[in-house]
Every structure is written in C-alpha cells, then in structure tokens.
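Working notes for the structure below.
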Amino acid sequence: MPNVRLPDGSVKAFPGPVTVAEVAQSIGAGLARAALAGRVNGKLVDTSHRIESDADLAIVTDKEPDGIEIIRHSTAHLLAYAVKELFPDAQVTIGPVIENGFYYDFAYKRPFTPEDLTAIEKKMAELAKRDIPVAREEWDRDKAVAFFKSIGEEYKAEIIASIPAGEQISLYREGDFVDLCRGPHVPSTGRLKVFKLMKVAGAYWRGDSKNEMLQRIYGTAWTKKEDQDAYLHMLEEAEKRDHRRLGRQLDLFHVQDEAPGMVFWHPKGWALWQSVEQYMRRVYVDNGYQEVRAPQILDVSLWKRSGHWDNYRENMFFTGSENRDYAVKPMNCPGHVQIFNTGLRSYRDLPLRYGEFGQCHRNEPSGALHGIMRIRAFTQDDGHIFCTPEQIEPEVVAFHALALKVYADFGFTDVAVKLALRPDKRLGGDAVWDQAEAALRAALGRSGVEWEELPGEGAFYGPKIEYHLRDSIGRSWQLGTMQVDFMMPERLGAEYVAEDNTRKVPVMLHRAIVGSMERFIGILIEHYAGALPLWLAPLQVVVANISEHQADYAAEVEAGLRAAGFRVAADLRNEKISYKIREHSLQKLPYQVVVGDKEKAAKMVAVRSRTGEDLGQMSLEDFVGRLKHEGVPGGTA
RNA sequence: GCUGGCGUAGCUCAGCUGGUAGAGCAACUGAUUCGUAAUCAGUAGGUCGGGUGUUCGAUUCACCCCGCCAGCACCA
C-alpha cells in the first residue's frame, strides 16, 4: 500500500502498486496526457513504471529539461525505427541525445542520400502519427545477445555483450522495432511531434578511426514548433556571421587553393591584426615579459633533443639544404630555451618571462582545416616562463587573472576552464606528471574558478589548463593555455645556479592567452558579427561629402581625424549620400561623418553611429573626444 | 586522414537527359552635384578547379588529382 509523495509535499495513498501513469491520472487528466516519464526517488523512469512501496514522485512533462531530453532520446529511437522500416538490412548501433537534438549511427551497405533523409523523416512522421506504444522489457543479457545476433544486429549484440554478464538489461519495443536502451522513453510515438533530420555524415564505430565508418544521421527535436523554428532561425543567423563569409564581405583576408590552411591578410584584416597584436604587446610589457624572436626553421637535431621528433613528427613540415635537414617550427618553446641558454642564469633571474608573436607551421590533416580557425600556419602570442618549482603556483595564478582580464577587454566573459591531464604518448615518469598536475590544480583552486578535467588530453610534455570560448554557432574553441613542463628544459640543457650554488634545471611554463592570432580574430569576427568595437575596427570613420562643393572640407576633417590618431578615410565619390551611407553601413563602420554646406559653413561635422543613430552636429574636437573615450580596450560601441 | 557533398564572371547563383555559357550585384565609361541604407544609361568580364579518357563533339559522362563544405578522427 504505497504512499506517494508529490513535489508539493502532498502524499497520496494507493491501495496497491500503481504506475506513474496511474498516479498522473489520479491527479488530473491533463497531467496524464502531458506525462512523459516519472522521477521516482530522483531516478527517471517510464510512465509504465510500477511503484510498489512508499516513494517520492514527480511527473516529468515537456516543461522541464529532463522532458525535452526524453523527447529527443525517443526521437532518436523513432529515427532508428523508421530506418529499419525503410532499410531492413541496415544495422542499428547507438543514438544519444546531443545539444539541441540527437543522432543515430547506422551501418548500411551504401551511403544514405539527402533523398533518403527526406523519406526517413516522412516515415518518422507517419510512425509518430500512428501513436505506437513504446514498451519496456527486461531481458537476460545473454538472451539479448543471442536475440540481436539472430536478427542480424551484430553491433547491438557487441554493445550488449560488453555489459557485465548476468545483469538484467532493458529493451524497448515499438511496433516491430526493438532496441537496447536504458530509457526512459515516452509512452508512445504520438508524443513526438516536432523534429527534423538535419544532415548525414560519417562517424567511426566506437569513435575510433581504426574502426569502420558508420553513417550518422543528425536530427533536432523540440516540444514546440516555435522552439524548433527559433532554433533553425538561430542557425541561419549564425551562418551570416560566419567569419569566412564576413572575411570576404569586409575584405579582411582570403585563402586560396595554392596555400591550404594559410591566410592572405588584406589591408583591413591586417589593421585588425595589428590592433590585437599591439594590445597584446602592451600586455607583455606590463606584465614582466621580454619580447623575443627565434628562427622559423631549425636543424632537425634540435627537434630530436626536444622530443618533437618522436612525439610530433607527423604534424611537422620539413625542408633541407646542403645535406642538412631542418624542421619548420611547430612550436616556439625550443627556440626560447636556446635564448635562455645563452647566459649563465641565477635563481635571482627567475622567473624569467619571454614572449613572442611566433609563427608556427603544423601539418594538420586536411579534414581538420576550417576557415582561419584551424589552419597550418598560425601565429601564437606565445610565452615561456622559466621558474623554480615554488614559483609555479604564483605564476599560474597571476596568468589566470591576466587571461581573464584580456578576454574581458575583448568582450568575452563566458570562458570555460579545463584541465587536460597526461596523454598516453608522453615524456617523463608518473612522479613528474603527478607533480605537474597537482601544481595546476592547486593554482586553479587558489584562483577560485571551476574547471573540468580532461584525462588523456594534455600535451606530450606536460598537463595544461585550457581556456575555451564558444563561437556563434555553439562550437567551442580553445584559446589560451597554461602548461607546466618539467621535461623540455632538461632535454635542451637549460639550467640556473641555485641559492646553494648548485646547478638546477628550471621549470618551464608554456602559456598563451589568445592562442592562435588567426583563430582569435576569427572568433572576434563571429562574436561581433563583423561590427568590431571602435578600438579594433580596421577603419573607424569615413568622412563623406554631400557634393563636390565640400570635398576640400571633407579632406580637412579627414586629416584632422588622422592627426588625432584614428583610422579614417574620406569618401569623395560623386555618389548620393544615401548610397555612400548604405555602403559604409554594410561595411559595419563604427562612425560615418557627413559634411555638407551647413557643416562646412559652421566648421562642424554631422555624425552617424553604426546603429544608424544621427548624433547631430558637433565640433571636430567634441567628436575626437568621443572617439578617444570609446576607442579603448573594453570600450563599447 | 576517413565518409558524403560541392567547385561555372570579383561576389551570390542559373544552366533538364552531352551540341564550346547566362542573371543580379560589384567593376569600368558617360551623364547626374544630390542631406542620412541602392540615380540613370552604356561597356567589358569566364581555358566552366586541374588532368586523362569515352565521344563527331564534354561545363554536362567515367577515372585520377587539388581545393572547399559538413561530420568523424585529430587539434592552437
């Protein structure tokens, strides 16, 4: 005789075991219709779940996150059901929920086409409309393996076979389709009303590139049509701020076939680059770094000593001359160690901080290239700090604060911190890695941030803190990093004289804030949809005359603004003012200055902001004052 | 690198089943001298990504290569 306690604290007593659906029905017909699942003592279950004894119960509807997750999960199963209906010899594998939707991986003799997707989606809609019950069944593991083998589902059998023997497993049956699943699922397919298949692409079985490639169908699913429409609209808007499109529209850079993964920077793009670089140079100077510059190529023997030859060779470019082999640098660290090594260093010199805008070449797999975000020739704001073990923590703490300050100056406040731990392929013993990982954890702890740990994702020479930012369509990109390295200084012979007059090997901290300049600029472009803050805008002001009569005055205003230190151009073309304004608006210029006879006579300028607001007439001095106030890092438009 | 898709004028794209290419915008020339998101008229512009093959004939079909896009794998 179970007593069921509901979220509002009320308790309902039942004469015998009841299902979640029956409890919902006893509360109200509307709730019964809305019930997707239940949460019994905090655990998600189907609406068919029987409550045998006293329990806490919440009815899960599509109003809460768990509800929409269940809908997406069940839609993934509906997709598999539809595929099996249309392509009976396709094999099912897994179909998890992802952000905004789901996917399902299939093995099939031929690739699915866009036409197949349309047909599958239609079949899904049909199966949903038939409102087929979804029933949970408990099976013995070995029987389930035998069953899936008997119906030709080898992948499914393999998955189940990896579950511990003797364990009960759950299967879900909807119509003729049976799938292994932990659940819970919606009670019937009729609950699945708003979904859309998005794309099909290859994906490796069990995520391993050594395995065969399956076909992954991606879909999105929602509880309300409006939510899905909003999501699709968001994707369209995101496409408009794609840095590749804006890079062309705003004439910032281009890439071409002859230089895959390498960027041609145009004057405007390079002006943006310089704004970022000069800012970061200031950051070096203000924070105790000395800027250095090391060669682009170095003899291979150095890369053998550093460990790159053994651990990073497949990503490196090589060249040769007069029987010597060189490697184009993929990282700046070995070069900085050479500079460190040129003098006898004392413990008094530490921490010694070098910074470089170092261009690196990495031979990335062709499939990884993406606009200017993922390229083969990129420039890092790379710094290396040589220090003692005791100095690690304060240096990391200081770096963390600095990195967040820089991100905020560029307008980013949503930064995820991750800690990447020892990879399989690495230098050094476990004791050293324990020490390095502990040092980073301690520093993050002292910085008072939350972080996610990523086992196996560290660099081959040390663990790293990673700073991740999301782009406009939700992709996450790593920008900054802080890595502790006990290995490379020793391998490359770095040492200093300690207080006790012995020679010791310094610890090296590898750090970058914006990471790749190219990637960072790509993210900036997307983040601002091309409408960069004044201090970063390649061209800050255009002075446009109404007609030829004010050409001289317009040129005078242009000269005045340039003398005040702004990036300015005059538009003296024989075009209507509305035409000029449209063009410069499309170029997302922060300010447009219009000068006609009235302004010329009054020695004023008429200012139009990027938002289209007419700021009226003002003196050039007042306008310069406004620009100076706004045009600083962190300044807002 | 893997799976799939794509590659036509500076940009965005048309171009059924093979018969040597078209639009809009941009560019250029001329006219217009204009008050806050497109003035009018005209002109020019393409070895259809590269190669090989099939064919009387290939932008169109086949194969190979290069590049791009999506995803996977990899990663700053």
Side-chain angles (χ1 to χ4, degrees), chain A residues 103 105 110-114 116-117 198-218 239 242 244-245 248-249 251 254-261 312 314-315 330-332 358 360 362-382 420 457 459 464 466-468 477-481 483 510 512-520 522-523 544-551 572-587 592-599 606-609 612-616:
Chain A
Y103 67 76
D105 287 348
R110 66 162 179 84
F112 291 123
T113 65
D116 292 336
L117 241 57
M198 303 296 283
K199 59 196 166 198
V200 57
Y204 297 108
W205 167 235
R206 300 203 145 169
D208 189 334
S209 61
K210 288 193 278 296
N211 290 342
E212 63 273 31
M213 188 161 267
L214 307 173
Q215 292 186 70
R216 177 169 297 176
I217 296 176
Y218 285 89
E239 213 172 291
D242 187 309
R244 293 165 297 191
R245 176 201 281 245
R248 194 165 40 236
Q249 280 171 358
D251 195 19
H254 85 269
V255 290
Q256 65 186 48
D257 284 5
E258 289 83 351
Y312 209 72
E314 65 275 20
N315 287 309
M331 297 184 191
N332 301 300
C360 296
R362 295 185 187 173
N363 196 3
E364 299 290 341
S366 57
L369 303 180
H370 176 90
I372 65 171
M373 302 285 214
R374 195 66 196 277
I375 53 183
R376 290 190 175 136
F378 61 98
T379 305
Q380 289 178 307
D381 65 317
D382 204 1
E457 307 231 335
K464 56 183 179 178
E466 300 176 350
Y467 294 83
H468 291 256
W477 297 99
Q478 181 185 326
L479 273 80
T481 181
Q483 312 172 5
H510 305 244
I513 297 180
V514 305
S516 151
M517 291 285 285
E518 287 84 352
R519 169 178 299 180
F520 185 63
I523 292 171
N545 56 339
I546 300 279
S547 72
E548 211 175 319
H549 311 299
Q550 310 92 30
L572 306 179
R573 292 175 304 171
N574 178 15
E575 295 289 352
K576 286 171 67 169
I577 193 65
S578 55
Y579 179 85
K580 295 183 185 181
I581 284 172
R582 176 182 155 78
E583 277 204 343
H584 300 128
S585 299
L586 290 174
Q587 286 293 306
Q592 299 184 49
V593 164
V594 174
V595 294
D597 286 333
K598 282 180 285 188
E599 286 76 19
V607 180
R608 182 191 163 99
S609 75
E613 192 188 353
D614 184 353
L615 302 176

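Residue numbering restarts at 1 for every chain, and letters A, B, ... go by the order of the sequence lines.
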Using the [atom1] atom as the point on both nucleotides, what is the distance between [M] and [N], in whole Å?
N      : M      : atom1 : value
A21(B) : C69(B) : P     : 31 Å
C65(B) : G24(B) : P     : 40 Å
G22(B) : G46(B) : P     : 13 Å
C72(B) : G10(B) : P     : 34 Å
G15(B) : A9(B)  : C1'   : 14 Å
C28(B) : U47(B) : C1'   : 24 Å
G30(B) : C68(B) : P     : 41 Å
C6(B)  : U12(B) : C1'   : 15 Å

Report the distance from atom [atom1] of [X] to atom [atom2] of [N], rounded to the nearest whole Å.
X       : N      : atom1 : atom2 : answer
M213(A) : C74(B) : CE    : C1'   : 12 Å
Q587(A) : A26(B) : CD    : C1'   : 12 Å
R206(A) : C72(B) : CZ    : P     : 19 Å
Y103(A) : A70(B) : OH    : P     : 19 Å
D208(A) : G1(B)  : CG    : P     : 19 Å
I372(A) : A76(B) : CD1   : C1'   : 13 Å
L117(A) : G71(B) : CG    : P     : 15 Å
F112(A) : G71(B) : CZ    : C1'   : 15 Å

What is the pairing partner of [N], taking Watson-Crick or G-U wobble pairs with both distances under 3.5 Å in any strand?
N      : answer
U12(B) : A23(B)
C72(B) : G1(B)
A31(B) : U39(B)
U47(B) : none
C6(B)  : G67(B)
U52(B) : A62(B)

Ring stacking, W477(A) with base of A76(B), under 5.5 Å and under 30°?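 It does not: the ring fails the test against the base of A76(B).
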Return yes if the base of [N] and the side-chain atoms of [X] contain a donor-acceptor N/O pair under 3.5 Å, otherwise no.
X       : N      : answer
R374(A) : C74(B) : yes
Y204(A) : G1(B)  : yes
E548(A) : U33(B) : yes

Does A76(B) have OP1 or OP2 sitting under 4.0 Å from an N or O in the side chain of K464(A)?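 Yes, K464(A) has a side-chain N/O under 4.0 Å of OP1/OP2 on A76(B).
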Please determine whether a side-chain nitrogen or oxygen atom of H370(A) lies at a distance below 4.0 Å from atom OP1 or OP2 of A70(B).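 Indeed, a polar side-chain atom of H370(A) lies that close.
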Go through A76(B), A73(B), A70(B) for me and flag the one nearest to the R244(A) side chain.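 So the side chain of R244(A) is nearest to A70(B).
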Those residues that, when tested against Y218(A), pass ring-ring contact (aromatic ring centres under 6.0 Å, His included) (two or more places apart):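 Scan of Y218(A) (ring-ring contact (aromatic ring centres under 6.0 Å, His included), adjacent residues dropped) gives Y103(A).
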If the condition is ring-ring contact (aromatic ring centres under 6.0 Å, His included), which residues does H468(A) pass it with, not counting sequence neighbours?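 Listed in chain order: nothing, the list is empty.
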If you compare all heavy atoms of [X] against all heavy atoms of [Y], which two are closest, and at what distance to 0.1 Å?
X       : Y       : answer
A377(A) : E518(A) : O-OE2, 3.8 Å
G358(A) : N332(A) : CA-OD1, 3.5 Å
I513(A) : D381(A) : N-OD2, 2.9 Å
P260(A) : D257(A) : CD-O, 3.3 Å

Would you classify [X] as touching base, sugar-phosphate or nothing, given that sugar-phosphate means primed atoms plus P, OP1 and OP2, and contacts are heavy atoms under 4.0 Å?
X       : answer
G522(A) : nothing
Y218(A) : sugar-phosphate
Q478(A) : sugar-phosphate
S209(A) : sugar-phosphate
H549(A) : sugar-phosphate

Rounded to the nearest 0.5 Å, how far does NZ of K199(A) lie from CD1 of I217(A)?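 Separation between the atoms: 13.0 Å.
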Only counting residues at least two apart or in another chain, list the ones meeting side chain to side chain contact (heavy atoms under 4.5 Å, CB included) with R608(A).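 Scan of R608(A) (side chain to side chain contact (heavy atoms under 4.5 Å, CB included), adjacent residues dropped) gives I581(A), S585(A), Q592(A).
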Looking at side-chain heavy atoms only, is the closest gap between V594(A) and E599(A) below 4.5 Å?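 When only atoms from C-beta onward are counted, E599(A) and V594(A) do not touch, as no gap falls below 4.5 Å.
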With a 4.5 Å cut-off on side-chain heavy atoms, are Y467(A) and T481(A) touching?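 Sidechains of Y467(A) and T481(A): no contact.
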Show each protein N/O and nucleotides 35-40 of chain B N/O combination with a separation under 3.5 Å, one pair to a line.
from: G35(B); atom 1: O6; to: D597(A); atom 2: N; distance (Å): 3.0
from: G35(B); atom 1: O6; to: K598(A); atom 2: N; distance (Å): 3.1
from: G35(B); atom 1: N1; to: E599(A); atom 2: OE1; distance (Å): 2.8
from: G35(B); atom 1: N2; to: E599(A); atom 2: OE1; distance (Å): 3.3
from: G35(B); atom 1: N2; to: E599(A); atom 2: OE2; distance (Å): 2.7
from: U36(B); atom 1: O2'; to: R608(A); atom 2: NH1; distance (Å): 2.9
from: U36(B); atom 1: O2; to: R608(A); atom 2: NH1; distance (Å): 3.4
from: A37(B); atom 1: O4'; to: R582(A); atom 2: N; distance (Å): 3.3
from: A37(B); atom 1: N7; to: R608(A); atom 2: NH2; distance (Å): 3.2
from: A38(B); atom 1: N9; to: R582(A); atom 2: NE; distance (Å): 3.4
from: A38(B); atom 1: N7; to: R582(A); atom 2: NE; distance (Å): 3.2
from: A38(B); atom 1: N7; to: R582(A); atom 2: NH1; distance (Å): 3.1
from: A38(B); atom 1: N7; to: R582(A); atom 2: NH2; distance (Å): 3.3
from: A38(B); atom 1: N6; to: R582(A); atom 2: NH2; distance (Å): 2.4
from: A38(B); atom 1: N1; to: R582(A); atom 2: NH2; distance (Å): 3.2

At a cut-off of 3.5 Å, list every protein nitrogen or oxygen paired with a nitrogen or oxygen from nucleotides 65-67 of chain B, distance to 0.1 Å.
from: G67(B); atom 1: O2'; to: D257(A); atom 2: OD1; distance (Å): 2.6

Could you pull out the protein-nucleic contacts involving nucleotides 8-12 of chain B (nitrogen or oxygen on both sides, under 3.5 Å)?
from: C11(B); atom 1: O3'; to: R248(A); atom 2: NE; distance (Å): 3.4
from: U12(B); atom 1: OP1; to: R248(A); atom 2: NH2; distance (Å): 2.9

Within the distance-only criterion (no hydrogens, no angle test), does the side chain of Q215(A) pair as donor or acceptor with the backbone N or O of R110(A) below 3.5 angstrom?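 Present.
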